[in-house]
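Here is the structure we will look at, set down as structure tokens.
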2 protein chains.
Amino acid sequence: MAQNQVSTLKKGLLVLELVKQCQGITLAEVMKELQLSKSTAFRLLTTLEDMNYIYKIQTQYFSGPKLFQESTENRSAKDWAALHSIYQVAQNLQMGTYLGKVDGTDLVMTQVLHAPFQHSADEEMGNRSKLHLSALGKVILAQLDEGKLNALLDKMSLEPATANTFQDTQLFRYHLKAIHQDGYAFDDEERNVGIRCVAVPVFRNKEVIAALAIAAPAKQISKSNIKQIATKLNVGSKAVTKELEVLDGN
Amino acid sequence: MAQNQVSTLKKGLLVLELVKQCQGITLAEVMKELQLSKSTAFRLLTTLEDMNYIYKIQTQYFSGPKLFQESTENRSAKDWAALHSIYQVAQNLQMGTYLGKVDGTDLVMTQVLHAPFQHSADEEMGNRSKLHLSALGKVILAQLDEGKLNALLDKMSLEPATANTFQDTQLFRYHLKAIHQDGYAFDDEERNVGIRCVAVPVFRNKEVIAALAIAAPAKQISKSNIKQIATKLNVGSKAVTKELEVLDGN
DNA sequence: CTGTGAAGTTTCAAATAATGAAACTCGCTT
DNA sequence: AAGCGAGTTTCATTATTTGAAACTTCACAG
């Protein structure tokens, strides 16, 4: 019996799971399957029935619709816009928050949150840019292994967007190394004048799968608080990873 | 506290339902909402989390995917083919079992079961016939109120299918009155030579909504056992009604 | 650095609830 | 009528739950 578990609740949930697995099950079968006395099985089943988790037709119990009702949160696994962890980051930092993934040689926004951080910014989701042009894209590139990075750089033609952008692949690789070392990427008004951005990688099974970033007016992000912001982003990144694992049933 | 309920299980399920309703909830909020001590709330939440019903991201709990996983039975509310009660009737009587509904002036088969009564007979489902030509259709007509019956009969042209069928509406109405009185309709090889059929109505909110029937070789259905079969069908009919109510969240 | 408060976790005696053997009820079959 | 199986209830014993309080950890402010 693991610590801090309520064994009676656990028992009841095991009964529920058994009923859910079966195309109908009788009281006697529940007794036998879970080694319960008749009256215990009866009471557990009755409680589940009274609370509408199961129903009974003649001698058999079946799982009821309550198990399949959607919660207030409407989502499926791997729906990035539904991840609670991203909302938590946004609310914690009180800055625009972004999650982006790789699609070919592009960075695609899969979640964008602006104040009051309750709903996705639908009009910005799906926005694309070349990987090397944003902090999100660069922090992902910085975490790729040599082979994958080479393959991606081969596919990309580096084009300058602003005077601050790197034109030479070799210099770009050094830049990525620095980002890798820092653990975050910093965008200093390179994409939008007056806006700064900090991005960190999101990992899954030791591989980078996405990037998590905040963006805010330049006066909110200074040399003195970048490290702090990056630390909080990393906490959020780990929470995203965990949430994905849970939602995938790992 | 109602009888035969396990209060600890109930408490745990109330916690689960609260978590499911909220876009994230903290231990403190659960305590407050359900008037539980800190350690009790903690243990209930921990048990639910350990069994994968909920998950925790930093200080907040969210409902997990386990609640939405489909059970072995794949179905939605009002999917007639998914009703367990019909399977129970078939297995009890060990005869071909049918459920039919009204569509316009037709009787449509919405579930058909043959031995070994594990799967729907898909090729027969959706089969249509005129209401007056089958025991299922007739038992439905027999339970309609005068106005609805008149409206339906007006829309229908009665055509003989076999020599045993009624050609005259007046006689047909008497026939329906007899069926109403009996509480079941009996098809004596009128549709298929060698096959007999017994059908009863299925009610919902005091209105006939469908018909439930069995069909078998003539030697399995005799004058002496019709009443018995009809009684069992009526039990099944009530079980169908109940199951529909449960699935509709009544 | 210290102190504070909040969240998380654990302890343990008292209180409460769960348990299960057995009795009872009901319906069906022989 | 008796027997059987399913469903329901009883009640003394046992096990579990409960909650106050202690402890731990963390973040933040001064």
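Chain letters run A, B, ... following the sequence lines, proteins first, then strands; residues in each count from 1.
Distances from the side chain of F42(A) to the nucleotides dT8(D), dG19(D), dA6(D) place dT8(D) closest. With distances taken from any side-chain atom of N4(A) to the nucleotides dT9(D), dT10(C), dA17(C), the minimum falls on dT10(C). Nearest to the side-chain atoms of T40(B) among the listed nucleotides dC11(D), dG19(D), dA7(C) stands dG19(D). In the set dT19(C), dT17(D), dG8(C), the nucleotide with an atom closest to the side chain of R43(A) is dT19(C).
Counting to the nearest Å, the P atom of dC4(D) and the CG atom of L27(A) are 19 Å from each other. Atom CD in E49(A) sits roughly 12 Å away from atom C1' in dG7(D) (whole-Å rounding). Residue L44(B) contributes atom CG, which lies 10 Å from atom C1' of dT17(D) at whole-angstrom precision. To the nearest angstrom, P of dT17(D) lies 18 Å from NZ of K10(B). The distance from atom CG of L36(A) to atom P of dA6(D) is 16 Å, rounded to the nearest whole Å. In this structure, L34(B) atom CG and dG19(D) atom P are separated by 12 Å, rounded to whole Å. Between the CD1 atom of I25(A) and the P atom of dA6(D) there is a distance of 13 Å, given to the nearest Å. The distance between atom CE of M31(B) and atom P of dT9(C), rounded to the nearest whole Å, is 14 Å.
Residue-to-nucleotide proximity on DNA chain D shows that, of T46(A) and Q228(A), the 5′-proximal contact is made by T46(A). Nearest-nucleotide positions on DNA chain C place Q60(B) closer to the 5' end than the other of K232(B) and Q60(B). Mapping T8(B) and T59(A) onto DNA chain D via the closest heavy atom, the residue that lands nearer the 5' end is T59(A). In terms of position on DNA chain C, the residue among A28(B) and K38(A) whose nearest nucleotide sits closer to the 5' end is A28(B).
For dT8(D), the OP1/OP2 oxygens have a side-chain nitrogen or oxygen of K56(A) closer than 4.0 Å. Contact annotation: K11(B) does not reach the phosphate of dA17(C) (side-chain N/O to OP1 or OP2, under 4.0 Å).
Under the 4.5 Å side-chain criterion, counting only non-hydrogen atoms from C-beta, I221(A) is in contact with I226(A). Looking at L18(B) and E29(B), their side chains never come closer than 4.5 Å, going by heavy atoms from C-beta outward.
Within 4.0 Å (heavy atoms only), S39(B) reaches at least one base atom of the nucleic acid.
Interatomic distance, NZ of K20(B) versus CD1 of I25(B), reported as 14.0 Å (0.5 Å rounding).
Relative ring orientation between F62(A) and H84(B) is described as parallel, the plane-to-plane angle staying below 30° on a 0-90° scale split at 30° and 60°.
For the pair H119(B) and L113(B), the tightest heavy-atom approach, listed with the atom from each and the gap, is O-CD2, 3.6 Å.
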